[in-house]
Structure formats: structure tokens, C-alpha cells
Amino acid sequence: MLTATLPEDLAIDLRLLVMTIAHAVDLVGVDDVLHGRRVAMLARELACHMGWPEAEQLQLYDAGLLHDCGVSSTRVHRRLVADLEWAGADAHCVRGYDLLVDFPPLAHLAGIVRFHHSRWEWLLQQSLPDNTARFANLIYLADRIDVLAAPFHAEQTLLAHVEEIRLRLARERGRMFAPELIDAFMAISEGEAFWLALQPECVHQYHTDMESHGDLQMVGWNDFKRCADIFARIIDAKSPYTEQHSRGVARLSRFLAERLGLDAVTCEKIEVAGLLHDIGKLQIPDEIIEGHDPLTPHQFDIMKGHSYGTLQVLKPLHAIDEIARWAAYHHETPDGHGYPFHLGGDALPLAARIINVADIFQALAQERPYRKPMLPAQIMTILHERAASGRADATVVAAVAADLAHCHRIALCQN
């Protein structure tokens, strides 16, 4: 009888997966985590107003959700949601395209993402596949509507600024935006309801209603694992200092799980949990991630929220509940003094203990703003100290020590 090497029971709705990626990407907004969802809603409503087919409406909704998947930096996000046009905007479009184009379930959105900051007058001069220019320009318009409206949400003064927003965009008819799109926007935005729908509770309800739209398309294990790698690439692009961190943690976690004799299916799941463990870090401001000084108590409190954020993002994907918990527990320690759940003893799964050690090892092996990369022997000293005090699993640490040089190469993705 053959032993299973891959999980066989995974089945995830693709639309739910798209929404989960969008939730992760929206975290980069820090104080405003609904930008992608508002853009998706606006794009679909404009397409509906113009009588475009439902299949196109759904494609635009998904493209709106993922249009900023190339943005990991909070600094970049601030620029994108502050200026109508920005000279550096194209970089995140290219990155988003690269993330999606080789992932078959979402490759049809890659071209839209690639050109969603391109002016209509420029798009007309390009030789693009059918609908790419039209769809990309609609996402651009929806994106800029939201950017112009966003400053007025907090004080609930949006309705007082509607006309200036409408006139500002109308002036770009035929230049930044296709005439057909501006005409549709001007017609649909006359009523207050168009703008009131941008309120958080309305956006959340719209998003919930959209979960059941369209044909059911399920994603199996292999595609989900590839999607987990997309998550990792988004996370690790947050800072030059975190490049390859999630991938290094995933690879080292799998290696240690294999060395400890865990079965092949569990090793697969641990590797994916390693890829996903830092999703919540997308909401941490760049200034904290790249700070040159020790974290203040307040900054550390903010940082403590990132592993809980990971669990919240992945929570809707019930098929990976176990993986999500392993990922979210990566700062828990055997003595129960980790964060944010304070699990310890038998309540802390071996998988989470493995990821915890792999995370520490990989972080210490990489350069940080406040220190140079540590040598393997230095890292090992710290891990032994942590194991002796109950802050790391001694068995997992021993597995690292047994093949230290190899672990170091794996952690840095050199093997």
C-alpha cells in the first residue's frame, strides 16, 4: 500500500481564496484595510451599469480585489492612495503581474493588474489582448474614485465633496480614462447611494454577498501550495531585509520535520504553514520593520499583533484550519510565555514548535537594519539558551545542531 505524500482532502473555493489574498493585501493600508474591496465593488457596479456580461463583472471584481497585490510596503501604499498619478506607480503593477501570470487559476487577471495605472490615451496605442485595456482602465478609474473619496470617510464629509471628485475625474475623459467609462461614472455617481455604499459596513456586506456569485471552482492542494508561495512573495517583498524570509522558514521547517520523522503529509502542511506564517506582518508599518533601534514597548505591542493577524486572514479557509493555527502559533513557546495566545506544554503542537525554531534561525541568519547576519555558531548559542529556558523546543533545536551547516544553507535558500 502506497503512503500518501500529499493532503488529499483539501478543497478551497477559488473566489474565497481570491478574497483571502485581497484581505492580506489590504492589510498594507494599516488604518484603511478596505481599499481593494472598495475598488472591486466600484468596478463591478460600473460594469453592471454599462450592461457588461456577468462573467466580465466577476472578472473585474476579482481584478479589483487583487489589483494592488504587488504592494507590500506601507510607504508605497501611502503614495498610491494620496496622488491621482504617481511616477513610480508602474513598479507595483509589474510586480503584481509577475505574481499572477504563472498561477493558472488567476493568470487571466495578470494583464489587467499589469496595466491598471496606465492612461487610456497610452493604452489605445498598445497591442493588447481583447478587453485587457478596457478592463485595466476600469480598474484604474475605480481605484482613483476610491483614492479621491478616501480622505473624507473618517469625518463623514464625503457627500460634501462629491461634485469636486466628479468634476476632477470628468476632466480626464479621453485622457486618463476611456470616455465610455467616465460617462458611466458620471451617470451612476449622481445619486448619494453610490457614495454611501463606500461606508465600511456596506463594503463588508457587499463582499459577503459576493462569496456565492459565479460558478464554483475548487482549488486542490498543488494549486493552493503555489498560492501559498504567492503569499510568501508578497510578504517578503515588504522590506529588503525580509527577502526570502518566509521561503527560508518554510524550507527549514520542512527539513526539520523530516529529520524528526514526521510523515510526508504533515511535512507538506508544515512547509505551507511556514510560507504563510508572517501574513499579519503586512499591516506592520515599514518604519517598525526597518527600524535601526530596539523596539519601544508600544512598537513591540504592535508587532505582537502580526501572528494573530495571520490567523484572522486565513480563518475563512476552513480547509486549512490546522495549517492556519500552526502558522499563527509561530511566536508561542513551550513554556507558555510566547505571544499572542500564551500556549505551552501539550497545547503547543510540534509543528508550531518547529516553525518557531525555523523562524528564529532564519531571522538571525539574515541581515537586519540593526545588525549583520549572525554566523551559524552564534545562532546555535542563542537557540541552546532558548531551549534551556523553555523558550524553544529542545528536540527541534537538537535537530538543527545535528546538521547546522546544512540548516544554514536551507534557511538562506542556498540549497
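Please read these numbers as outputs of a predicted model, since none were measured by experiment. Heavy atoms only: backbone and side chains are in, while hydrogens, waters and symmetry mates are out.
Counting all heavy atoms, side chain and backbone alike, Trp326 lies closest to Ala273 at CB-CB, 4.1 Å. The shortest non-hydrogen separation linking Gln244 to Cys413 is OE1-SG, 3.2 Å. In this structure, Ala328 and Leu311 approach most closely via the heavy-atom pair CB-CB, 3.7 Å. Counting all heavy atoms, side chain and backbone alike, Arg353 lies closest to Asp393 at NH1-OD2, 2.9 Å. When all heavy atoms of Ile288 and Met303 are compared, the closest pair comes out as CG2-CE, 3.9 Å. Scanning both residues, Ile182 and Leu141, for their nearest heavy atoms gives CD1-CD1, 4.0 Å.
The distance from the CG atom of Leu100 to the SG atom of Cys227 is 9.5 Å, given to the nearest 0.5 Å. Atom CD1 of Ile302 sits about 9.5 Å away from atom CG of Leu295, to the nearest 0.5 Å. In this structure, the separation between CG on Leu34 and CG on Asp146 is 9.0 Å, given to the nearest 0.5 Å. Here Lys225 contributes atom NZ and Leu276 contributes atom CG; the two are 11.5 Å apart, rounded to the nearest 0.5 Å.
With Val25 as the partner, the side chain to side chain contact (heavy atoms under 4.5 Å, CB included) test is satisfied by one option alone out of Leu65, Asp68, Val71, Val313: Asp68.
Classification of the His306-Tyr339 ring pair by plane angle, with boundaries at 30° and 60°, yields perpendicular. Between Tyr61 and Tyr206, the ring-plane angle classifies as tilted under the 30° and 60° cut-offs. Under the 30°/60° scheme for interplanar angles, the aromatic rings of Phe185 and Trp195 are found to stand perpendicular.
Not a single donor-acceptor pair under 3.5 Å links the side chain of Glu192 to the backbone N or O of Leu159. Thr333 places no side-chain N or O within 3.5 Å of a backbone atom of Arg391 that could act as its donor or acceptor partner. Side chain of Gln366 to main chain of Glu243: a donor-acceptor pair is present (N/O by atom type, distance under 3.5 Å, no hydrogens or angles). The closest donor-acceptor contact from the side chain of Ser253 to the backbone of Glu271 lies at 3.5 Å or more, if one exists at all. Using a distance-only test at 3.5 Å, with no hydrogens or angles considered, no donor-acceptor pair links the side chain of Thr157 to the main chain of Ala160. In this structure, Gln199 contributes its side chain and Leu196 its backbone to a donor-acceptor pair below 3.5 Å. The main-chain N or O of Lys372 is never found under 3.5 Å from a side-chain atom of Glu367 such that the two would form a donor-acceptor pair. Listed for the Asn356 side chain is a donor-acceptor partner under 3.5 Å among the backbone atoms of His330.
Under the 4.0 Å criterion applied to side-chain N and carboxylate O atoms, Glu268 and Arg254 are assigned as salt-bridge partners. Taking 4.0 Å as the cut-off between side-chain N and carboxylate O, Asp26 and Arg37 count as a salt-bridged pair. Between Glu322 and Arg325, none of the side-chain N atoms (NZ, or NE/NH1/NH2) sits under 4.0 Å from a carboxylate O, so this pair counts as no salt bridge. Salt bridge status for Lys315 with Asp321: absent, with no side-chain N to carboxylate O gap under 4.0 Å.
With a 4.5 Å cut-off on side-chain heavy atoms, Glu172 and Arg144 do not count as touching. The shortest distance between side-chain heavy atoms of Arg95 and Ile234 does not fall below 4.5 Å. Side-chain contact between Asn137 and His116 is absent, with no heavy-atom pair separated by less than 4.5 Å. In this structure, Phe115 and Phe135 have side chains that are not in contact, with every pair of non-hydrogen atoms separated by 4.5 Å or more. Using a 4.5 Å heavy-atom cutoff, the side chains of Arg226 and Asp229 are not in contact. Contact annotation: the side chain of Leu169 never approaches that of Met176 to less than 4.5 Å [non-hydrogen atoms, C-beta and beyond]. Counting heavy atoms from C-beta outward, Arg44 and His213 have side chains that approach closer than 4.5 Å. At a threshold of 4.5 Å between non-hydrogen side-chain atoms, the residues Thr266 and Leu350 do not count as touching.
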- Check step by step if side chain to side chain contact (heavy atoms under 4.5 Å, CB included) holds for Leu46 and Ile145. CA-CA 11 Å; Leu46 284 164; Ile145 294 169; 4.2 Å; yes

- His35 and His67: CA distance, side-chain angles, deciding distance, ring pair (Phe, Tyr, Trp, His ring centres under 6.0 Å) verdict: CA-CA 10 Å; His35 173 64; His67 76 284; 5.1 Å; yes

- Message: What verdict does the side chain to side chain contact (heavy atoms under 4.5 Å, CB included) test give for Thr132 and Gln126, after you've listed the backbone C-alpha separation in whole Å, the side-chain angles of each residue and the deciding distance to 0.1 Å?
- Response: CA-CA 10 Å; Thr132 297; Gln126 313 308 308; over 6 Å; no

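Ser246 and Asp236 share a donor-acceptor pair across their side chains, judged by distance under 3.5 Å alone. Using a 3.5 Å distance cut-off with no hydrogens or angles, the side chains of Asn131 and Arg134 do pair a donor with an acceptor. Counted by atom type alone, His331 and His277 present zero donor-acceptor pairs between their side chains at under 3.5 Å.
Atom CZ of Phe103 is surrounded by more than 12 heavy atoms from other residues, nucleotides or ligands within 6.0 Å.
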